[in-house]
Amino acid sequence: RGKTLSNLRIGVMGGTFDPLHHGHLVAASEVAGRFDLQRVIFCPSGAPWHKTTPTTSAEDRYLMTVIATAADPRFEVSRVDIDRDGPTYTVDTLRDLHEGFARAHPHDSAEWFFITGADALTEIVGWHEPDGIIERAHLVGVTRPGHQLADPGLPEGVVTLIEIPALSISSSDIRQRVSEGKPIDYLVPEGVARWIRKHLLYADHQHSGGAS
Ligand code: ATP
Ligand code: MG
């Protein structure tokens, strides 16, 4: 108490996390190592308005994210996007996290890094209020199999692109596998696989909209 945490370096990883998988964890861990981040805050999105697949409840996505990150002292999970009504915009995520930090650590400052995969990075110019995003965080784009890691054409110094070990894992593929009865072992943390099994998530993925 009273000790200044001079210039904390904090990463933020937004996503649907439906479910969280090892690709997300490797991305967060690699960026934390390269940028000397003390924390990475995972922020599961609110209702996935931009996805067409059946919706997993925000609570299930939040809890799987907690289970997956619980053992790593660098990792935290925030409810800011889950608890805010309406679609999730990254600018709101960063604004809420900054406010929360200022409230909790009124005497400290932080440097913020927003972590995204190559697919999400190339969409960034189309994101809501890109200027508000880049004034609140340095962007870090990481390689992702199947996607070109291209500079999104933002001003100099706003984005850093880095290569990370390739993990060709996606949440869509995990959901597909579960719906087809294929294994997801070692693609997601064991606790996440157990949660999916226990709560029968994604089991009716293929039949959504059809079965009555
Ligand atoms: P979905 O298939 O449902 O879109 P996803 O696997 O893309 O799920 P998201 O929750 O959409 O996961 O992604 C959150 C963030 O993690 C995004 O910035 C995305 O680019 C990044 N990401 C996801 N998977 C990987 C991976 N295998 N390697 C690197 N980055 C990843
Ligand atoms: Mg995605």
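Every number for a ligand or one of its atoms is a count from 1 in the order of the listing.
- Listed by atom number, the atoms of ligand 1 under 4.0 Å from Ser172 heavy atoms are 1 (P), 2 (O), 3 (O).
- Close approach of ligand 1 to Gly23 (heavy-atom distance below 4.0 Å) involves ligand atoms 26 (C), 27 (N).
- For ligand 1 and Asp119, the ligand atoms under 4.0 Å from any heavy atom of the residue are 19 (C), 20 (O).
- One finds no salt bridge joining Glu99 and Arg95 here, because no Lys/Arg side-chain nitrogen approaches an Asp/Glu carboxylate oxygen to under 4.0 Å.
- Considering backbone and side-chain atoms together, Ile169 places an N or O closer than 3.5 Å to an N or O of ligand 1.
- For ligand 1, the atoms closer than 4.0 angstrom to any heavy atom of Gly15 are 10 (O), 14 (C).
- Looking at Ser170 and Arg175, their side chains never bring a donor and an acceptor atom within 3.5 Å of each other.
- Residue Thr116 has no nitrogen or oxygen atom sitting less than 3.5 Å from a nitrogen or oxygen atom of ligand 1, judged on distance alone.
- Salt bridge Arg144/Asp119: present, at least one basic N to carboxylate O contact under 4.0 Å.
- In this structure, His22 has no heavy atom closer than 4.0 Å to ligand 1.
- Geometrically, ligand 1 and Leu167 share a nitrogen or oxygen pair separated by less than 3.5 Å.
- Side chains of Thr93 and Asp81: a donor-acceptor N/O pair is present below 3.5 angstrom, by distance only.
- Ring-plane geometry between Phe101 and Trp112 is classed as perpendicular, the angle between the planes exceeding 60 degrees on a 0 to 90 degree scale with a lower cut at 30.
- At a threshold of 4.0 Å, the pair Glu129-Arg136 does not count as salt-bridged, since none of the basic side-chain nitrogens sits closer than that to a carboxylate oxygen.
- Applying the 4.0 Å criterion to heavy atoms of Arg175 picks out, from ligand 1, the atoms 3 (O).
- Set against the non-hydrogen atoms of Ser170, the atoms of ligand 1 under 4.0 Å away are 2 (O), 6 (O).
- Polar contact with ligand 1: present for Gly117 (N/O pair, distance under 3.5 Å).
- At a heavy-atom distance under 4.0 Å, only backbone atoms of Thr143 (N, CA, C or O) approach ligand 1.
- Per-residue contacts place Thr16 under 4.0 angstrom from the following atoms of ligand 1 (heavy atoms of the residue considered): 10 (O).
- Classification of the Phe17-His24 ring pair by plane angle, with boundaries at 30° and 60°, yields perpendicular.
- By the 4.0 Å heavy-atom criterion, Asp173 is excluded from the residues contacting ligand 1.
- For the residue pair Thr90 and His128, no side-chain donor N or O sits within less than 3.5 Å of a side-chain acceptor on the partner.
- The side-chain tip of Arg79 points at the ring of Tyr62 from less than 6.0 angstrom away and within 45° of straight on.
- In this structure, Gly14 counts as a contact residue of ligand 1, since one of its heavy atoms falls inside 4.0 Å of the ligand.
- Not a single heavy atom of Asp18 sits less than 4.0 Å from an atom of ligand 1.
- Within a 6.0 Å sphere centred on CD of Glu190, heavy atoms belonging to other residues, nucleotides or ligands number 12 at most.
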